[in-house]
Structure formats: structure tokens, C-alpha cells
2 protein chains.
Amino acid sequence: MNAADTRNRILMTAMELFWEKGYLSTSVSDILSRSQVHSGSLYHFFPGKQDVLVGVLELYRDGIDEMLLAPNWEGVDDPIERIFALLAGYRTHLIVTDCTYGCPIGSLALEIHEPDPVVRELMAANFSNWSAAIAGCFDAAADRLPAGSDAKALGEFVLTVMEGAVMQARTYRDIGYFDRNIAVLRDYITTLLAGAKSGSFA
Amino acid sequence: MNAADTRNRILMTAMELFWEKGYLSTSVSDILSRSQVHSGSLYHFFPGKQDVLVGVLELYRDGIDEMLLAPNWEGVDDPIERIFALLAGYRTHLIVTDCTYGCPIGSLALEIHEPDPVVRELMAANFSNWSAAIAGCFDAAADRLPAGSDAKALGEFVLTVMEGAVMQARTYRDIGYFDRNIAVLRDYITTLLAGAKSGSFA
DNA sequence: GACTTGATTGAATACTCAATCAAGTCGTTC
DNA sequence: GAACGACTTGATTGAGTATTCAATCAAGTC
């Protein structure tokens, strides 16, 4: 096994573990035993545990298109439906994990109370990429939205609703909380599309 | 100092620390040194660290009216404005903490990945109390909302928006993310009040 | 004034943690 | 084939962790 493989295996394993158990509850030994890598190797590639986290956050940041958007948007052309297709992807994650799933970035954002600036900015960059992708959908549907609609703010709002809906479904272990939240969001977006005299919140 | 005082001081201190540093990052020693209580005393009242958390969650659950709602709703009678008054309270917390504030329940919900059932149900109960309070506002304004509006779902949605908005403001260290999210929420609620043919998402 | 109860003390325990280090292996280059 | 540097091994370190426990204390109660 070459060096790049080792580094990559560490990162993929850490990505899994941080998602399953969170960053704080994942020990370096956890990463070592699951990845079958020895501690010296890990510390050869990464100065410390936090640098592994940085690597994972960079993977998320650089992989949003291929890992997240492309799979969920395949065969979905309408920009508004793309928004709900992405949300449906999160719903699927919740279902297959018995409502144990949590958004990895959101979990980290609330788990780490005093983040290193590098870590915090990477979490923010991940949020920005996500909401920018949604804002792109709203931009693509700008002609169907009220004039002056703020696509950026709407993208951030959809991110907010996803995070909150996932948080509640996970806490209650009940997908109903996710579904109701998304239904309310759809109601709102429907009123926007219906051309209600709205969208002037910017 | 009597026993009730000691127990209470432990809980108040733990509440502070869990909010500042999170549950996992708060050590029992942290609680002991700040509360000036000795370890034996703590373990006399609480079987273990998790039971301190349970006590704190019970304090939140039982104190929502006096600690959260009453202060924010003083002098605010309109039920819809009460919703935004409560959200404004969270905005104030963000401002005075330089956007470091996090909702204590939301943070715990995402921080603890495999919660004990007792803990998870207490977090859920806290969410339920919060969104039920908001649902009560929507109920009180039912005559101004579209017929068939689902007050419970709307209450959960407002909780979602609060949690997501706080999460983003905290991650970006920028109150603008909170304000934009709340502005979108207000836009939505405004369209509901304007009697748009909506609210039929239930 | 003997006895009980509950609260308190703080040292000791058993354990986990991130991180280190010296000794090795391997491939590449001259 | 020698020399070099990148990588690997895994035992070890030492600080920090939650928790336990025997002993002490204060305040009742009969």
C-alpha cells in the first residue's frame, strides 16, 4: 500500500467515524483500529487529531458536487424540484439509519464549541457551498419568483430548514418531524411561485 | 450550606458549563472546581455525570415559562409578535456573546450521538415545550391564518428556523445569517397572515 | 446522651486519551 | 550496491478522565 492510500484510508475512516460518533467521541485509536493503520503512520501524515478533521472537512468541501449534488440531481432538471430532491436525499439517509442520521457539518458545528479558526472557516465554507448550490436553483428559477427575491437568503433558509428538520427527526427518532418541516417549506416556496406579493424581505 | 443548596449549585454550574463548553468537553472536575463542591458531594447527589445532565435538562424543561417565555413576552400581547419577540431574545444572546451562543438543547442534540433514552426523551420534551409554546401563538392567531393551518407544524417550523439560524450565525460568527433567516420566516408568516391561499400543507 | 441519618471530604483507583519515539522497511537514485 | 529519505511499526509516555471509598462531620431523634 502506498502513501497516498494510507492517507486516504485514514481520511475515509475518520469521515465515517466522525459521522457515526462525532469528532469528540472518536478517539485516534478508533481511527487506527478501523483503518488498520498504525499510530506512527497517522502522525506521519497529520500533526494531530484536529488536522485529520481539517482533512475530512476539505474532502466534504471539495466533493460536494460529485458526492452530494450530482447523485441527488440526476434526472431532475427543474431547479425548484432539485431543491426538494436534495432534501429527499437527506430523508433517505434518515430512513436507512432509523432516524439516527445527522448532517456531518451541522453536527460538527454544534459539537465543537471553541473551534480553531481553520476548522470554523472550513465548516462555514461547507455551509456556503451548500446554500450557494440552492441559491443557484433559485437563480435559475428567478423568472418564476417575485421580483427582487433574494436567492442567497433563500438558499441559507433552505439550509436552515434542512438542518433543523434533521435535528428534530433525529432527536425524536421520528421522520414525521422532518416531513412536516419540509412540507411547510414547500408551502412557502409554492406561495412564492404563485407570485404572491412577497419576497421583499431583503 | 444545606443539601438542597449544594445540589442546586452543582446543577446551575453544570448548566453554565454545558452551555459554554458542551457536555462532552465539560469534565466533572470542571464542575467541581467552579461550583466549589467536592467530588464526593457530587456523587452523593448524582450517580454519575450523565445524571447531572439529566438534572440540567429537567431544569430547562421545568423552567421554560419563567426562564425563557415570560422574560421575552413581557409587554408583548400579539401572538404573532410574541413569536418574533422570542426570536429576538435569541438574537440578543448571539449579540452579547459575539455570535458564540448556541441553543443549549440543540447543541446537546447534535453533540451526543448515541444518547441514553432518558437523555434523548428529555431533549425531545424540551423541543416539544418550545414548539408547543409557538404553536399556542399560532392557535391564538388562528382567525388571521388560512383555514386549516397546522399550528403544530408551524411551531416545529419556527423551532427549526431558530435552530438553523443560530447554527449559521454561530458558525460564520456573523449575525447577518441569523437576521436573513428570520427575515425570510417573517416574509412567510406575513404571506400567511395576508390570507394567501396556503397553509394546506398538513 | 446513645444512635441514626445524610452530607461531606479528598485521596486513591482504574482507565482512556493524544501524542511520541526509536527501530525498522522499502523504493529510488546515483 | 550504497546511500538516502519516505514511510511503517507498535510499545511507551504522561496527562487527564470518571468514579469509588473509607473516614469524618453535623444535625436530628428517641
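In this text, all values refer to a predicted model and were calculated from it rather than measured experimentally. Reminder, nothing fancy here: chain letters follow the sequence lines and each chain counts from 1.
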| Around B/Met67, counting heavy atoms of other residues, nucleotides and ligands shown, do more than 12 lie under 6.0 Å from its CE? | yes
Rounded to whole Å, please give me the gap between [atom1] in [X] and [atom2] in [N].
X        : N      : atom1 : atom2 : value
B/Leu42  : D/dC21 : CG    : C1'   : 15 Å
B/Asp116 : D/dA18 : CG    : C1'   : 16 Å
A/Asn8   : D/dC7  : CG    : P     : 14 Å
B/Gln36  : C/dT9  : CD    : P     : 10 Å
A/Phe46  : C/dA18 : CZ    : C1'   : 15 Å
A/Ile10  : D/dT8  : CD1   : C1'   : 11 Å
A/Phe45  : D/dG5  : CZ    : C1'   : 13 Å
A/Arg7   : D/dA6  : CZ    : C1'   : 15 Å

| remark: Contact check, residues 28-35 of chain B vs DNA chain D, heavy-atom distance under 4.0 Å, returns B/Val28, B/Ser29
| More 5' along DNA chain D: A/His44 or B/Ser39, using each one's nearest nucleotide? | A/His44
| Does some side-chain heavy atom of B/Pro104 sit less than 4.5 Å from a side-chain heavy atom of B/Ser107? | no
| task | Taking the side chain as every heavy atom from C-beta outward, state whether A/Tyr188 and A/Leu154 have any atom pair closer than 4.5 Å. | result | yes
Scan every strand shown for a Watson-Crick or G-U wobble partner of [N], both distances under 3.5 Å, and answer none if you come up empty.
N      : answer
C/dT8  : D/dA23
D/dT29 : C/dA2
D/dG16 : C/dC15

| task | Under 4.0 Å between any heavy atoms, over every strand shown, what does A/Ser25 touch: base, sugar-phosphate, or nothing? Just pick one. | result | nothing
| message | Parallel, tilted or perpendicular, judged at 30° and 60°: which one describes the rings of B/Tyr172 and A/Phe127? | response | tilted
| message | On DNA chain C, does the nearest nucleotide to A/Thr26 precede the nearest nucleotide to A/Ser41 from the 5' side, or the other way round? Give the residue. | response | A/Thr26
Residue [X], side-chain atoms from C-beta onward, closest of [options]:
X       : options               : result
B/Ser27 : D/dT8, D/dT17, C/dA18 : D/dT17
B/His38 : C/dG10, C/dA7, D/dT9  : C/dG10
A/Lys49 : D/dT8, C/dA7, C/dA18  : C/dA18

With a 4.0 Å cut-off on N to O distance, would you call [X] and [Y] a salt bridge?
X        : Y        : answer
B/Arg186 : B/Glu81  : yes
A/Glu114 : B/Lys21  : no
B/Asp139 : B/Lys152 : no
B/Arg91  : B/Asp179 : yes

| Distance test, side-chain N/O of B/Tyr43 to OP1/OP2 of D/dT20, below 4.0 Å | no
